[in-house]
Trainee: 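Attaching a single structure in structure tokens format; questions to follow.
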Amino acid sequence: MTDMKKIVVDGLWKNNPATVQLLGLCPLLAVTGSVVNALGLGLATILVLVGSNLSVSLIRNYVSEAVRLPAFVMIIASFTTSVELLMQAFTYELYQILGIFIPLIVTNCSILGRADAFACKNPVLPSVIDGLMMGLGFTAVLVLLGAMREIIGLGTLFSNMTLLFGSLAENWTIIVFEDYKGMLFAILPPGAFIGLGIIIAVKNIIDAKVKEREDANKEHVVAGSKRARVTGTIS
């Protein structure tokens, strides 16, 4: 597997921040009551991850070990503030709904973790791709969990998408269950815990099935090799 392909697969699946590293769970569980909330936080996290990985990679040869982590935190804080100001300017209502969890992106362990574990040791391009893939993997889990909670909790999907996309999304709301009275449990944090647990369990089942298939293919190849030696010409 090439390095770039490994970075993509790690970010989206094998080393996903939410389902494998279990980082950034506080905002993930808190704001995923609907798809629009999840997508808003996910896009903000992607911007900070890509920007911080890019910046850390650029300065990695000029920052001493003594001030490495404080410098990384300052960079992440700068990008978080920029994203916060952008949301205030263009998606103010969504910014108010997400509240404290936008400025708290600066404390997201997955962002500082990627800066310290990957970006400070690699060139710019792999670092940017790593930030993008980790952000997309985190956002995918956010949106999936948000969709599950919105359907079960409210009986709708893609409601209030105008908060993020404006008048373009006026007709995006899908009524999944007509005359649905809702399930408050799914909207509350305990529902988020159970939903995330289901997502992690499904991922583990898929991984186990894939590994089982790979092991079976290896055994088939070994068996084929033994048969070839028995029937082949031996000099």
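The figures that follow rest on heavy atoms only: side chains count, while hydrogens, waters and symmetry mates do not. The shown structure was predicted, so the numbers you read here are calculated from the model rather than taken from an experiment.
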Trainee: For residues 84-99, please give each side-chain donor-acceptor pair under 3.5 Å, one per line with the distance, not counting sequence neighbours.
Mentor:
from  : atom 1 : to    : atom 2 : distance (Å)
Glu84 : OE2    : Tyr95 : OH     : 2.8
Gln88 : NE2    : Tyr95 : OH     : 3.0
Thr91 : OG1    : Met87 : O      : 3.3
Tyr92 : OH     : Gln96 : NE2    : 3.2

Trainee: Give the C-alpha distance, both sets of side-chain angles, the deciding distance and a yes or no for side-chain contact (heavy atoms from CB on, under 4.5 Å) between Leu157 and Thr173.
Mentor: CA-CA 6 Å; Leu157 188 61; Thr173 302; over 6 Å; no
Trainee: Does Ile194 share a hydrophobic cluster with Leu22, counting links as ILVMFWY side-chain heavy atoms below 4.5 Å and allowing steps through other members?
Mentor: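 Per the 4.5 Å side-chain linkage, Ile194 and Leu22 are co-clustered.
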Trainee: Are Ile174 and Phe177 joined in one hydrophobic group, where the rule is that I, L, V, M, F, W and Y side chains link up if heavy atoms are under 4.5 Å apart?
Mentor: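 Ile174 and Phe177: one cluster.
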Trainee: What distance separates Leu54 CG from Ile129 CD1, expressed to the nearest 0.5 Å?
Mentor: 12.0 Å
Trainee: In this structure, would Leu23 and Phe138 fall into the same cluster of hydrophobic residues linked by side-chain contacts under 4.5 Å?
Mentor: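 No, Leu23 does not connect to Phe138 through the hydrophobic network.
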Trainee: Contact between Arg114 and Ile111 at the side-chain level, heavy atoms closer than 4.5 Å - yes or no?
Mentor: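 No, their side chains stay 4.5 Å or more apart.
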Trainee: Working to the nearest 0.5 angstrom, can you tell me the gap between Leu168 CG and Thr162 OG1?
Mentor: 10.5 Å
Trainee: Are any of the side-chain heavy atoms of Thr32 and Asn37 separated by less than 4.5 Å?
Mentor: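 They are not in side-chain contact.
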Trainee: Between Asp10 and Lys14, does any NZ, NE, NH1 or NH2 come within less than 4.0 Å of an OD or OE carboxylate oxygen?
Mentor: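 Salt bridge between Lys14 and Asp10, a charged N being under 4.0 Å from a carboxylate O: no.
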Trainee: Applying side-chain contact (heavy atoms from CB on, under 4.5 Å) between Trp13 and each of Thr19, Asp207, Val8, report the one that passes.
Mentor: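 Between Trp13 and the candidates, side-chain contact (heavy atoms from CB on, under 4.5 Å) is satisfied uniquely by Asp207.
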Trainee: Working to the nearest 0.5 angstrom, can you tell me the gap between Ser34 OG and Ile151 CD1?
Mentor: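 Separation between the atoms: 12.0 Å.
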Trainee: Any side-chain to backbone donor/acceptor pair from Glu150 onto Phe158? Under 3.5 Å, distance only.
Mentor: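 Side chain of Glu150 to backbone of Phe158, a donor-acceptor pair under 3.5 Å: yes, one is there.
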Trainee: Is the backbone of Thr156 close enough, under 3.5 Å, to the side chain of Ser159 for a donor and an acceptor to pair up by distance?
Mentor: no
Trainee: With a 4.5 Å cut-off on side-chain heavy atoms, are Cys26 and Leu29 touching?
Mentor: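 SC-SC contact between Leu29 and Cys26 ruled out.
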Trainee: Can you establish whether the number of heavy atoms outside Phe193 located under 6.0 Å from its atom CZ is more than 12?
Mentor: no
Trainee: Linking I/L/V/M/F/W/Y whenever any side-chain heavy atoms sit under 4.5 Å apart, do Val124 and Met4 land together?
Mentor: yes
Trainee: Looking at side-chain heavy atoms only, is the closest gap between Gln21 and Asn16 below 4.5 Å?
Mentor: no
Trainee: Which heavy atom of Ala44 sits nearest a heavy atom of Ile102, and at what distance?
Mentor: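 What the structure gives for the nearest pair is CB-CD1, 4.2 Å.
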Trainee: For a 4.5 angstrom cut-off between non-hydrogen side-chain atoms, does Val20 reach Asn15?
Mentor: yes
Trainee: Donor-acceptor check, side chain of Asn53 to backbone of Ser127, threshold 3.5 angstrom: yes or no?
Mentor: yes
Trainee: Just wondering, do Leu39 and Leu164 contact through their side chains at under 4.5 Å, heavy atoms?
Mentor: yes
Trainee: Do Leu112 and Phe72 come close enough that some side-chain heavy atom pair is under 4.5 Å?
Mentor: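 Yes, close enough: below the 4.5 Å cut-off.
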Trainee: Please name the residue in the list Val143, Val36, Val31 that meets the side-chain contact (heavy atoms from CB on, under 4.5 Å) test with Leu41.
Mentor: Val31
Trainee: Less than 4.5 Å apart, side chain to side chain, heavy atoms only: is that true for Phe185 and Ile152?
Mentor: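 Answer no - side chains too far apart.
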Trainee: Which value, rounded to the nearest 0.5 Å, describes the distance between Leu132 atom CG and Thr139 atom OG1?
Mentor: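 These two atoms lie 9.5 Å from each other.
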Trainee: Could you go through Leu196 and Val141, starting from their C-alpha distance and side-chain angles, then the distance that decides it, and tell me whether this counts as side-chain contact (heavy atoms from CB on, under 4.5 Å)?
Mentor: CA-CA 8 Å; Leu196 181 62; Val141 177; 4.1 Å; yes
Trainee: Could you tell me whether the side chain of Thr80 and the main chain of Ile76 form a donor-acceptor pair under 3.5 Å?
Mentor: yes
Trainee: Please round to the nearest 0.5 Å and tell me the distance separating atom CG of Asp130 and atom CG of Leu125.
Mentor: 11.0 Å
Trainee: Of all residues at least two apart in sequence or in a different chain, which pass the salt bridge (Lys or Arg N to Asp or Glu O under 4.0 Å) check with Glu214?
Mentor: none
Trainee: Is it true that Ile199 and Leu142 fall in one hydrophobic cluster, defined by side-chain heavy atoms closer than 4.5 Å?
Mentor: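 Yes; Leu142 is reachable from Ile199 via cluster members.
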Trainee: Check whether any side-chain N or O of Thr107 sits under 3.5 Å from a backbone N or O of Leu104 as a donor-acceptor pair, and report yes or no.
Mentor: yes
Trainee: About how many Å separate CZ of Arg60 and CZ of Phe118, when rounded to the nearest 0.5 Å?
Mentor: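 That separation rounds to 10.5 Å.
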